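What follows is one structure encoded as C-alpha cells, with my remarks underneath.
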Amino acid sequence: MPELPEVETVCRTLNQLVAGKTIASVSVSLPRIIRRPVEPEMFAAALAGQTIQSVERRGKFIRFVLDGLILVSHLRMEGRYGVYKKDEPVETHTHVVFHFTDDTELRYKDVRQFGTMDLFKPGEEWTMPPLNKLGLEPLDETFTLEAFRHRLAQRSTKLKPLLLDQSYIVGLGNIYVDEALFQAQLHPERTADSLKAAEWKRLYDAIRDTLSRAVQAGGSSIKSYVNGQGEMGMFQHSLLAYGRGGEPCTVCGTLLEKFVLGGRGTHICPKCQPKPRGAAAKKAGRQARPKGVYPKIH
C-alpha cells in the first residue's frame, strides 16, 4: 500500500498534470469504488463541468479540490492515477476515467480493486469518514515533539501497531515504521509508555527524517507503485531494515531478522534494537548504543 511519501509524490505530480483542467464527463466501470454518493451516475453528473483547483494530501488520502466539491481518494493496495491523451488505449483494470475538455484523461487503474472515492461539499470532508478521525501529520509544522508525546506516550500498546494506527499519526505504513524504529534503535515490541524522553526524541526525529528523505526520493517502489507520470520511486535503494531480513546490519554487522508482529512482516537488528524482556522492558532503552554510523538526522 502506498504510504505518505508515495501519496505525497502522486499529489505533487498530479498537481503539475491536472490542476486547472476542467472535467467534461466521468466514466465509471467499477461502481463499488465510488462510496459517496452511492450511485455512480450521481458521482459522474456532479463532477461534470468542475475544474480541478489543486491536488492535496491528508495522510494516505488524495484530496482533489474542485470548484465546488472535494473528491477524496484512497489508492489502497495498488491503485494508481495516470494522465493520457483520449486516443491512447485504455489499460485493463482501468475503472474510473475523468475526461477533460482539452482531450486528455485522468485514469484510475486498480488491479486489486480496493481503492475508494468519496465526494463531498467543501468542508464536509473534515467532519465525516474517512478524514474525520485521522491523526497527526508527521511532516506538518504542527507535528512537534510535544504533540507527538502527548498523543502517544500514555499508551501501553506496542510501538509498531501504534505507529501504524492512522488515528494517532498518519501516513506511516509497514516500510517506514520499520525504517524509523531501526533508526531510533527501538524494538517494535516496546510499549509507548516505556519510552524515556531521549527515546521519544530519537523516534520523533527518525520519523521526520525517514519520511522527508523518502519524499525527496519520490517514495519507494517495492511492488507496483509509480507516480502520476509512470515513474518509479527510488527510496527502496536506501532502505536499511525493511526487506533486508538475513542481511548484515549497516551499523553493527549483525544479521537482520524478520518476524511477524500484528500480522505484519517486521524487520529489525536484534543488537541495535534489543527486545524488551519482562521487568526489563521499561529499561530496554537504557542499553548502550552499538558503535557504527547511523543515518544522519537533518
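Scope of the values below: all heavy atoms of this structure, side chains included, with no hydrogens, waters or symmetry mates. In this text the structure is predicted, and so the values were computed from the model without any measurement.
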Shortest non-hydrogen separation from [X] to [Y] and the atoms involved:
X    : Y    : value
V111 : E78  : CB-OE1, 4.1 Å
R244 : L239 : CD-O, 3.3 Å
P122 : G68  : CD-O, 3.1 Å
P37  : L119 : CD-CB, 3.9 Å
A180 : A206 : O-CB, 3.4 Å
T191 : S194 : O-OG, 2.7 Å

Quick one: do [X] and [Y] end up in the same hydrophobic cluster if we chain Ile, Leu, Val, Met, Phe, Trp and Tyr together by side-chain heavy atoms under 4.5 Å apart?
X    : Y    : result
L106 : L30  : yes
Y176 : I207 : yes
V26  : L69  : yes
L181 : L164 : yes
L139 : L145 : yes

**Request:** Could you please spell out the steps behind the side chain to side chain donor-acceptor pair (under 3.5 Å) verdict for Q183 and R202?
**Result:** CA-CA 8 Å; Q183 184 168 324; R202 291 207 309 264; over 6 Å; no

Is there a donor-acceptor contact under 3.5 Å from the side chain of [X] to the main chain of [Y]?
X    : Y    : value
S29  : H95  : yes
E179 : L240 : yes
Q166 : G171 : yes
R208 : S212 : no
E6   : G218 : no
D165 : I169 : no

Any carboxylate oxygen within less than 4.0 angstrom of a Lys/Arg side-chain nitrogen, looking at [X] and [Y]?
X    : Y    : result
E125 : R63  : yes
R57  : E137 : yes
E124 : R36  : yes

**Request:** Dump the intermediate steps for side chain to side chain donor-acceptor pair (under 3.5 Å) on D193 and Q154, then the final yes or no.
**Result:** CA-CA 5 Å; D193 60 359; Q154 302 304 313; over 6 Å; no

**Item:** From D67, N15, L66, L17, residue fulfilling side-chain contact (heavy atoms from CB on, under 4.5 Å) relative to I52
**Value:**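 When D67, N15, L66, L17 are each tested with I52, the side-chain contact (heavy atoms from CB on, under 4.5 Å) holds only for L66.
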
**Fill in**
Checking I268, T250, V177 against F182 for side-chain contact (heavy atoms from CB on, under 4.5 Å), the one that qualifies is T250

Could you grab the distance from atom [atom1] of [X] to atom [atom2] of [Y], nearest 0.5 Å is fine?
X    : Y    : atom1 : atom2 : answer
I62  : Y108 : CD1   : OH    : 8.5 Å
E199 : R190 : CD    : CZ    : 4.0 Å
F43  : I33  : CZ    : CD1   : 9.5 Å
Q273 : L186 : CD    : CG    : 7.5 Å
L211 : Q216 : CG    : CD    : 13.0 Å
T157 : L152 : OG1   : CG    : 8.5 Å

**Message:** Between Y84 and E91, is the side chain to side chain contact (heavy atoms under 4.5 Å, CB included) condition met? List the steps.
**Reply:** CA-CA 11 Å; Y84 304 82; E91 297 178 335; 3.9 Å; yes

For a quick test of your reading: what N or O donor-acceptor pairs under 3.5 Å do the side chains of residues 96-105 make, sequence neighbours left out?
unit_1 : atom_1 : unit_2 : atom_2 : d
H99    : ND1    : E105   : OE2    : 2.9
H99    : NE2    : S27    : OG     : 2.7
D102   : OD1    : T104   : N      : 3.1
D102   : OD1    : T104   : OG1    : 2.6
D102   : OD2    : K21    : NZ     : 2.3
D102   : OD2    : T104   : OG1    : 3.4
D103   : OD1    : K86    : NZ     : 3.4
T104   : OG1    : K21    : NZ     : 3.1
E105   : OE1    : R107   : NE     : 2.9
E105   : OE1    : R107   : NH2    : 2.9

Report yes if the side chains of [X] and [Y] come closer than 4.5 Å at any heavy-atom pair, otherwise no.
X    : Y    : value
R151 : L136 : yes
R32  : Q113 : yes
V18  : V83  : yes
C272 : C249 : yes
R12  : T9   : no

**Request:** Quick one: do Y242 and L256 satisfy side chain to side chain contact (heavy atoms under 4.5 Å, CB included)? Show the steps, please.
**Result:** CA-CA 9 Å; Y242 181 85; L256 300 180; over 6 Å; no

**Asked** With clusters built from Ile, Leu, Val, Met, Phe, Trp and Tyr whose side-chain heavy atoms come within less than 4.5 Å, directly or transitively, what are the remaining members of the cluster of W126, listed by chain and number?
**Response** F61, V65, I70, V72, F120, M128, L131, L134, V170

**Request:** Apply side chain to side chain contact (heavy atoms under 4.5 Å, CB included) to K275 and E189, showing your working.
**Result:** CA-CA 7 Å; K275 184 175 182 178; E189 291 184 327; 2.8 Å; yes

**Request:** Go through Y204 and R149 one step at a time and tell me if the side chain to side chain donor-acceptor pair (under 3.5 Å) criterion holds.
**Result:** CA-CA 9 Å; Y204 170 82; R149 289 187 62 180; over 6 Å; no

**Request:** Report the C-alpha separation of K160 and D178 in whole Å, then their side-chain angles, then the decisive distance to 0.1 Å, and conclude whether the salt bridge (charged side-chain N to carboxylate O under 4.0 Å, His left out) test is met.
**Result:** CA-CA 8 Å; K160 179 158 186 178; D178 278 6; 2.8 Å; yes

**Request:** Begin with the C-alpha distance, continue with both residues' side-chain angles, and end with the deciding distance and a verdict on side chain to side chain contact (heavy atoms under 4.5 Å, CB included) for H267 and E257.
**Result:** CA-CA 6 Å; H267 308 78; E257 296 179 355; over 6 Å; no

**Request:** List the steps and the verdict of side chain to side chain donor-acceptor pair (under 3.5 Å) for T266 and K258.
**Result:** CA-CA 5 Å; T266 300; K258 178 181 179 181; over 6 Å; no

